[in-house]
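Quick note: numbers below take in every heavy atom, side chains included, and nothing from hydrogens, waters or symmetry partners.
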Amino acid sequence: MIQARRLTKKYDNGVLALENLSLHIKKGEFVFLVGPSGAGKSTFLNLVIRRETPTDGFLSVAGRNVALLKKQEIPFFRRRIGYIFQDYKLFPNKTVRENVSFALEVIEVDPGEIRKRVNFVLDLVGLIHKAEVFPSELSGGEQQRVSLARAIVNRPLLLLADEPTGNLDPDTSWEIMELLREINRRGTTIVMATHNREIVNRMQKRVIALEKGRLVRDESKGGYAVEA
Amino acid sequence: MIQARRLTKKYDNGVLALENLSLHIKKGEFVFLVGPSGAGKSTFLNLVIRRETPTDGFLSVAGRNVALLKKQEIPFFRRRIGYIFQDYKLFPNKTVRENVSFALEVIEVDPGEIRKRVNFVLDLVGLIHKAEVFPSELSGGEQQRVSLARAIVNRPLLLLADEPTGNLDPDTSWEIMELLREINRRGTTIVMATHNREIVNRMQKRVIALEKGRLVRDESKGGYAVEA
Amino acid sequence: MKLRTFRYFFREAWRGLVRNRLMSLTAMGTIAIALVLLGVFSLITTNLQYFGNLALGRIEIRAFLSESARNHELLKAEIQAIPGVQRVEFVSKEEGARWLEKALGNKGLFLDGENPLPNSFNIHPARGADVEKIAGQVRRVAGVDEVVYGRDFVRLLHLAVRLIWVLGFGLLFLVMLAVLYIVVNTIQMTVYARRKEIEIMKLVGATDWFIRWPFMLEGIILGIGGALIAVVIVLEAYAFLSNRLGQVSTVLSLLTRAEITPYVIGGFFGVGVLFGALGSLLSVKRYLGI
Amino acid sequence: MKLRTFRYFFREAWRGLVRNRLMSLTAMGTIAIALVLLGVFSLITTNLQYFGNLALGRIEIRAFLSESARNHELLKAEIQAIPGVQRVEFVSKEEGARWLEKALGNKGLFLDGENPLPNSFNIHPARGADVEKIAGQVRRVAGVDEVVYGRDFVRLLHLAVRLIWVLGFGLLFLVMLAVLYIVVNTIQMTVYARRKEIEIMKLVGATDWFIRWPFMLEGIILGIGGALIAVVIVLEAYAFLSNRLGQVSTVLSLLTRAEITPYVIGGFFGVGVLFGALGSLLSVKRYLGI
Ligand SMILES: Nc1ncnc2c1ncn2[C@@H]1O[C@H](COP(=O)(O)OP(=O)(O)OP(=O)(O)O)[C@@H](O)[C@H]1O
Ligand SMILES: Nc1ncnc2c1ncn2[C@@H]1O[C@H](COP(=O)(O)OP(=O)(O)OP(=O)(O)O)[C@@H](O)[C@H]1O
Ligand SMILES: [Mg+2]
Ligand SMILES: [Mg+2]
């Protein structure tokens, strides 16, 4: 699903966020991306969805070399990928329902179907009672779950989750993890950047650890840290 | 420092975020505010700094009844309180240094002193090398630490921290907690809303637990959950 | 693209406007006022033009007859037959003397009975612009001794009308450009304030056109809203002013409100829609590049 | 408030403008173009006014003398002494006849040697507005039989000049309001786009004035920038146009660029600074309420 070879990203201001990263994530995998603050986790996810372009090296996602995507292909490419952003990226002027619906409006699903699917995912994340409310009227954790709902409503091939439990209490976090596990079981590849040691240790999935932009560890069924 | 009696907050859209909350936080205390997503933690902190006004009940902060504060007193009231916002609230068009300096510019500290103190706190949170960079060029955890730096640069009487480690890895989180502990030791009262079970359990400080806007537990030297 | 997607675009546009109410109203106000300025400019130009042509239309040609001239009635018929002539009046030498005295403000001028003036015709052209051509033809009529008209005045008036045309409409074109610029800038600012939304749309997989449509419709609605306000302001103010002016002077007659109404409405809505759409397209384009 | 805090405000304002470059430039452009429209309006009005006064100044009074009139030189001196008279010329009856023939375009009119016209004076008033008063006094001079001037024309011109004054400046006032509205709206939109920043400032403990100052300075700088652009556009375009117009017709002389320059500069900068400051204050006020 994702293949990176000697992938390097240097931002315009000179920061080397990723350096010579090589990895291979297969279809259907569930991968944790860990590493200290500023290690390059979000940068990697942003490269995958082509929000940023690699400075050097090779990156292919779902069989496409992202550096070679034409401008008009990008929207179609992105539609197959769900992304829970670290800062949520909700539309401030759309209600929760509209925020989630947007991912379906874009692919022109018909209104009845949109309604059904949106209700379904809002129920999954426990926010069906907040459907007609604006993001500014939600708590941090609630906003985070809206972002999750929007990312999965479209049944993506690949789900990128950037710290999706950062503002959730442990119980809610676990419910969300169960949900992600279920989605993964149905075939969606998941890459999740996280700092939540408890979750990583308990899930026993593949762990890729970055540090200062370099790959420092890649174990299947690993823990958050080596000593764990 | 903070005294609440039968404090109630109902938002305009009818959501009852806090209900009959009574508590007393003394000067110099370190208090964890815990509870599931949407329990009313941020709402409580926003009432303390008078970003929101109580619907009912009594709230006094640093000896002032917040409901009776005059419009022109509010800035001076807020200057004695540091606030690490859940969504950081950094100025997008100011550099890291300018963001942190702002809290001192407001109280007209002189430029040399500003520079010294800002360098000092940026060094404390490990971001002195990012001083001249804009928030959009920072990782999530880095932004969070800038918000922390801005909250403490002014040596506030009271520090409100809303999920200050939500986007930090465990090691950095611990460094930040050590920092907060040190600040607390020097006399600053700290109220920290958090979901981080590990931190709460290890710190063994007072824990106030909310659930659906109601106080459900208040123990000194408690853990994240009752069974902990 | 499916039909219901267009319905969605309209809903989106409407929501965008309503939920950014303050911005929308501010923008609409600016557009309205810019259109009002355009309207004021074009109404002034059109009325000056109209007034000049009216003045040209009031010009008369004076044809003095030779002493040996034939029957007046026959001559009158002949002149009347010249293309462009609207009306011909016979002026006897006595009437002529009285007219000249009056024109000079000197009453006793010809009182001693010696009247050197010949009989003449007053000729009214249908269109002021034809004066010179008609004068030329009248001169060739047998029995006409001399043809007189305020040549300098006609020429000055012609020049003035032409100047109004060139300067007025040149200026109007520039004002139009200025209004275009203001409208486009205003709409750009509404889009600028919402550039984050465009970024999110792109990240969620919206195509450029999917993003552009609602913004374009918003621009058009803003343009139409602005035009509506401008139409009301301009027509009401025009009615009030031309009414007031009618009381001050009967010489200065303006186009009536009824005459200008269709042009004002058509022009404003056309400009509003066009500039609104253009403004959105140009500014969304900028943020799509990101 | 400390002096260095004001230094900080200036730095803040400047940073605000530079870091919101796109918004600033858009706003500045809109302000500039609005000012240009204001300038065009006022220059048209002023020049029409100027031209009308010029035409009034060219008006002559014709005084016809009685047959028994005294020595011309003495009479001329007497008329010259009337306040407001600039120049007096003697016109003999022969010159008068030639003038009348020319004016009527009829060359053979007085050829038979019978000239009923008296001797006369051509009197040039210093100011067109004094024509009627001077004519009245000349009439009372012994030896003057009849005083003639284009009464209707003078009245029409007077009316026109007055109308230009009232309508032109009334309109100018409205255009001024329109420009104020556009400028204020534009600046409001720049503030709207940054309302989040105002909210953060308040949360960090900034007083209302601490927030207002940099925004007000930004508004003023935007106003000054817009004024600068507008001054250059208007003065250059004016020089070009009045030059062009000078080639087309020598009758239509305009105020020179040098004459208008100080007013354009003073006016634009004044308006820019004032409206800019006002725009910011009004809009920041709105968000301080939150
Ligand atoms: N747009 C940008 N421009 C310049 N530098 C950037 C940009 N985004 C991130 N960086 C820098 O790149 C490095 C990696 O950032 P990244 O966001 O990938 O970290 P992260 O692993 O997601 O961290 P966190 O856990 O704190 O979110 C950091 O040093 C950061 O400051
Ligand atoms: N501005 C607002 N308007 C209306 N309702 C709000 C607003 N802010 C929060 N709420 C609602 O009030 C309740 C409490 O929200 P609050 O932000 O205090 O929760 P929290 O404990 O901070 O949760 P989290 O851990 O997810 O941040 C939630 O149900 C939320 O939806
Ligand atoms: Mg990150
Ligand atoms: Mg919260």
statement: With chain A, the option among C:I200, C:I211, C:T207 that has the most non-hydrogen atom pairs under 4.5 Å is C:I200

- request: Can you check whether anything in residues 107-133 of chain A gets within less than 4.5 Å of chain C, heavy-atom wise, and list it by number?
  value: A:E108, A:V109, A:D110, A:P111

- request: Identify the two heavy atoms, one from A:V106 and one from C:V204, that lie closest to each other, and give their separation to 0.1 Å.
  value: CG1-O, 4.5 Å

- request: Kindly assign one of parallel, tilted or perpendicular to the pair A:F102 and C:Y8, based on the angle between their ring planes and the thresholds 30° and 60°.
  value: tilted

Sequence neighbours left out, cut at 3.5 Å: what donor-acceptor pairs do the side chains of residues 178-188 of chain C make with other protein atoms?
unit_1: C:N185; atom_1: ND2; unit_2: D:T26; atom_2: O; d: 3.0
unit_1: C:N185; atom_1: ND2; unit_2: D:T30; atom_2: OG1; d: 2.8
unit_1: C:T186; atom_1: OG1; unit_2: C:I182; atom_2: O; d: 2.7
unit_1: C:Q188; atom_1: OE1; unit_2: C:R286; atom_2: NH1; d: 3.3

query: Can we say A:E98 and C:R11 salt-bridge, meaning some charged N sits less than 4.0 Å from an Asp/Glu carboxylate O?
result: no

task: Can you tell which part of A:F91 gets under 4.5 Å to a heavy atom of chain C, answering side chain, backbone, both or neither?
output: both

Can you give each donor-acceptor pair under 3.5 Å made by side-chain atoms of residues 150-159 of chain A, sequence neighbours left out, with the distance rounded to 0.1 Å?
unit_1: A:R150; atom_1: NH1; unit_2: A:K89; atom_2: O; d: 3.1
unit_1: A:R150; atom_1: NH2; unit_2: A:Y88; atom_2: O; d: 3.4
unit_1: A:R150; atom_1: NH2; unit_2: A:K89; atom_2: O; d: 2.8
unit_1: A:N154; atom_1: ND2; unit_2: A:R79; atom_2: O; d: 2.9

task: Evaluate the salt bridge (charged side-chain N to carboxylate O under 4.0 Å, His left out) criterion for residues C:R4 and A:E105: first the C-alpha distance (whole Å), next the side-chain angles of each, then the deciding distance (0.1 Å), finally the verdict.
output: CA-CA 10 Å; C:R4 71 160 164 274; A:E105 300 282 2; over 6 Å; no

query: Quick one: what part of A:S101 sits under 4.5 Å from any heavy atom of chain C, side chain, backbone, both or neither?
result: neither

query: Which residues in residues 42-72 of chain A have any heavy atom lying under 4.5 Å from a heavy atom of chain C?
result: A:I49, A:R51, A:K71

- request: Sort A:I74 into side chain, backbone, both or neither according to what part of it lies under 4.5 angstrom from a heavy atom of chain C.
  value: neither

statement: Interface check, chain A: of C:A206, C:G205, C:G16, most non-hydrogen pairs under 4.5 Å belong to C:G205

field: Donor-acceptor contact below 3.5 Å, side chain A:R78 vs main chain C:K202
entry: yes

